[in-house]
Amino acid sequence: MARQYTLHRNAPAGPRIDFAAELNPQQLAAVTAPPGPALVIAGAGSGKTRTLTYRVAYLLENGIRPEHVLLLTFTNKAAREMLDRVAAICPHDLAGLWGGTFHSIGNRILRRHPNEAGFAPGFSIMDREDAEDMLDGVVATLGFDPKEKRFPKGQVVADVLSYQLNTGRSLEDVLLEKYPHFFEFAAELEQARVKYEAKKKKANALDFDDLLEKTVRLLKSNAALAEHYQRQFQFVLVDEYQDTNHLQNDFIEILAARHHNVMVVGDDAQSIYSWRGADFRNILEFPKRHPGAVVYKIETNYRSVPQVLAVANAAISANKQQFQKVLQAARQEGALKPAMVPLPDSQQQAQFVAQRMLELHEEGIALDDMAVLYRAHFHSMELQMELTRRGIPFELTSGLRFFEQAHIKDVGAFLKWVVNPRDEVAFKRMSRLLPGIGARSADALWASVSDALSAADAPLLKKETPTPVIAPVVVEAQAEQPVSPIAPAETPTQELPETIANPWEGLPAIKELLLPLKVPAKAKAAWEQLVFTLDELAPGGHLAPPQEMIHSVLEAVYDDYARVNFPNYDQRREDLNTLANFARQYESTQAFLDQLALLTSLDATARTNEETERVTLTSVHQAKGLEWKVVFVIWLADGKFPSSRSLESSETVEEERRLFYVAVTRAMDELYLTYPCMSFNSAYGDPLQRPSRFLGEVPKTLIEEWEVGGVF
């Protein structure tokens, strides 16, 4: 039998990478840092990924075997990108290097030790939908009567339990802070958590959070196993450290406990995700947890012109809790200072942004190189409509287009059915919102309604067009005038008066039509409430204004539904308030619905065109890590950006200021900071908007104020 002999790649005789030539002095200092704890504060646009990539290469070049290096990132894409770059510059075989997201590394460890973690080999990983379905089953066993109390659905329960687990806080604290409307169910939610854990164990299934939580628990409870991985991972590197939560930080600390060779890279000035559990204290207190840690700062920015960076540096300087740094531009001066643009109201704000985009496009800037950033998704509504009107294609990354969102369509269904009582789709959508009414029940209800309408033998829209009395047109003798090339040569005729009859004329009253219908027992109370609400939308068969209709639907029916069914209830309620405020300009509900339908159709048509260029509309949170030549930041008014909720404490205001800093540093060449001077709010009149406090903190010498005139 032949002897097996394996050739190994020779280690390079000396460093093959000229690190000093490839890196600036600040990057080089971090990349070549000696063993020990290190915190790298990498400012926006300073080459953070490049620094981490070369750090991995430096370790390998200096004899550290790949299997002794662990690289933790927030996305698999980031891990692949860094490892691909390392492979491109470094001759070593990287097969043994552990690199990936926190959860993928957790999964890898659990797959090796399922029994020790309390699961059987081959466990399943449930996606979010599977987890929510299982929680819905758990909730059903708690025995709540939907006629008495509306317990949160599985989707909301999953959000509550996930936030609690990742932050390491008590359930009561989480409910008080984020879900106060469910605090009365604290004991039942804890019971649901226990039952959920038991069901997962029985099914030999883990959800996404378990991949990390079960790994941390395993390492804390099994000292021998923990020591094995602590010995293996001699160097731990962490990307985007400012975004880590309590659970992720525990994972890092456990694995780095033996060698203390942990390098974390991030930017405290870009810590903006506390709402999803990220803990700003992780990066702020790293030097305290690791005595002797060296702090490296990378401040050379390769993205933005100096004028933009001057605004960014001024904006963040007001924060007290931070590692002080000053971004320095590697680029030359730009042509324009950042602009501050006050507008009369949100409609004019949208018109300004759209018009300026078209001008910039005429100057040769591609639509792909422009973006509009905002604090909250609903801030983009007027702009979406204005861009649609003008035929400017756009890509929305902060969520669904405004009128495509489920909660907008749900409330719209009430208005559509009252305006058109034969609208089967609207009726069924409205009905299915009620407990105990599914697709089959909605079909049966509609069959009854349809029969009743047919029996009434009334047209859908009875349009009366009486023969108008038209006054004779008197034409006086005039000197012959030249015919305009665009005006009609004929004498214009008078427009016929048009009246649209009440859609309920000749039909049974809403209560008379709907109350007698048979519904499932557990839907009875909710059905009666819905019927009375619909009657309120069309009292005596006469349609109320659309703004009043929306408020009635929200207060009587939909607000309770949204609280129970949506984890992001607050955001959706803001969307619906915005919809109501937009509707105030329409006296007729039919006209309001027609406008929405026409704009949505135009938008859909525009998206089918093979446009290669699109403007980006995105929330600032979604924009982190991205860049554009031209950036518009809109709705920079106190209460909007910063948000009204953030004004309750100095810590939350500081996070909002960091969010503003992130928005500013997305701009490469031009930056426009806009706000409406008036905010239309139906409940409180038209109050003046104060410009964002963040604008007031930027010296006036660094920005140019634009005074917008013209006809709006």
Side-chain angles (χ1 to χ4, degrees), residues 30 33 35-42 48-49 51-52 55-56 59 64 67-76 78-79 82-83 97-110 112-113 117 165-169 208-223 225-268 270-271 273-274 276-296 323:
L39 169 61
V40 181
I41 302 296
K48 169 183 64 64
T49 300
T51 301
L52 263 176
R55 175 61 174 176
V56 174
L59 293 174
I64 304 300
E67 60 266 27
H68 294 315
V69 178
L70 171 64
L71 173 62
L72 291 168
T73 64
F74 272 82
T75 66
N76 286 313
M82 278 187 260
L83 294 179
L97 193 151
W98 285 46
T101 66
F102 289 87
H103 293 85
S104 68
I105 299 298
N107 178 52
R108 190 170 174 180
I109 292 174
L110 289 177
R112 289 180 161 198
H113 314 282
L165 185 144
N166 282 286
T167 58
R169 299 171 59 187
F208 183 72
D209 289 326
D210 287 331
L211 298 178
L212 190 55
E213 192 273 336
K214 297 292 189 277
T215 306
V216 169
R217 181 177 296 186
L218 172 64
L219 296 175
K220 284 184 175 181
S221 62
N222 192 321
L225 207 57
E227 184 179 1
H228 168 79
Y229 286 104
Q230 288 164 354
R231 284 180 179 275
Q232 176 178 341
F233 299 133
Q234 297 176 12
F235 287 85
V236 178
L237 293 86
V238 185
D239 187 22
E240 300 285 11
Y241 184 63
Q242 78 281 346
D243 295 335
T244 55
N245 59 37
H246 172 82
L247 185 60
Q248 290 162 335
N249 198 56
D250 270 1
F251 188 52
I252 296 165
E253 296 292 333
I254 291 170
L255 294 178
R258 182 178 184 85
H259 296 287
H260 301 287
N261 294 329
V262 54
M263 175 178 281
V264 297
V265 182
D267 184 5
D268 59 297
Q270 297 186 69
S271 179
Y273 294 116
S274 66
R276 67 182 189 196
D279 193 341
F280 178 62
R281 293 170 299 179
N282 289 347
I283 192 168
L284 204 65
E285 298 174 1
F286 183 87
K288 294 180 183 177
R289 291 195 309 276
H290 296 271
V294 180
V295 178
Y296 299 90
F323 293 100

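Numbering starts at 1 and runs along the sequence shown.
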Item to complete: Please say whether more than 12 non-hydrogen atoms of neighbouring residues, nucleotides or ligands are located less than 6.0 Å from CZ in R281.
Response: no

Worksheet entry | Parallel, tilted or perpendicular, as decided by the 30° and 60° cut-offs, for the rings of H113 and Y229 | perpendicular

Response to the item:
Here the pair of heavy atoms bringing T75 nearest to A78 is OG1-N, 3.0 Å

Worksheet item: If every non-hydrogen atom of Y241 is compared with every non-hydrogen atom of I283, which pair is closest and at what distance?
Response: CE2-CA, 3.6 Å

Item to complete: State, to 0.1 Å, how close H68 and Q232 come at their nearest heavy-atom pair, and which atoms those are.
Response: ND1-O, 2.8 Å

Discussion item. What verdict does the side-chain contact (heavy atoms from CB on, under 4.5 Å) test give for V56 and L97, after you've listed the backbone C-alpha separation in whole Å, the side-chain angles of each residue and the deciding distance to 0.1 Å?
Written reply: CA-CA 10 Å; V56 174; L97 193 151; 3.7 Å; yes

Item to complete: Pick out which of D267, D239, V40, I41 makes a side chain to side chain contact (heavy atoms under 4.5 Å, CB included) with K48.
Response: D239

Response to the item:
In short, H246 meets T167 closest at the heavy-atom pair CB-O, 3.4 Å

Practice prompt. List the steps and the verdict of side-chain contact (heavy atoms from CB on, under 4.5 Å) for F251 and L219.
Written response: CA-CA 9 Å; F251 188 52; L219 296 175; 4.1 Å; yes

Item to complete: For Q230 and I254, indicate whether the former's side chain and the latter's backbone hold a donor-acceptor pair under 3.5 Å.
Response: yes

Worksheet entry | A256 backbone acceptor or donor facing H259 side chain under 3.5 Å | no

Item to complete: Please check if any side-chain donor atom of N245 sits under 3.5 Å from a side-chain acceptor atom of Y273, or the reverse.
Response: no

Fill in: Neighbour count >12 (heavy atoms, 6.0 Å) for atom CZ, R217
no

Discussion item. Using modelled atom types and a 3.5 Å cut-off, is there a donor and acceptor pairing between side-chain atoms of N261 and backbone atoms of Q234?
Written reply: yes

Fill in: Check: N282 main-chain N/O paired with N249 side-chain donor or acceptor under 3.5 Å
no

Response to the item:
When every non-hydrogen atom of A38 is compared with those of Y296, the smallest separation belongs to CB-CE1, 3.9 Å

Worksheet item: Do D268 and F286 pass the side-chain contact (heavy atoms from CB on, under 4.5 Å) test, and can you show the C-alpha distance, the side-chain angles, and the key distance before you say yes or no?
Response: CA-CA 11 Å; D268 59 297; F286 183 87; over 6 Å; no

Discussion item. Assess the residue pair I252 and V262 against the criterion (side-chain contact (heavy atoms from CB on, under 4.5 Å)); give the C-alpha distance rounded to whole Å, side-chain angles, the decisive distance to 0.1 Å, and a yes or no.
Written reply: CA-CA 8 Å; I252 296 165; V262 54; 4.0 Å; yes

Worksheet item: For the side chain to side chain contact (heavy atoms under 4.5 Å, CB included) test, which of L72, T215, L212 pairs with I105?
Response: L72

Worksheet, complete the sentence: Correct closest heavy-atom pair for F74 and E240 would be CE1-O, 3.3 Å

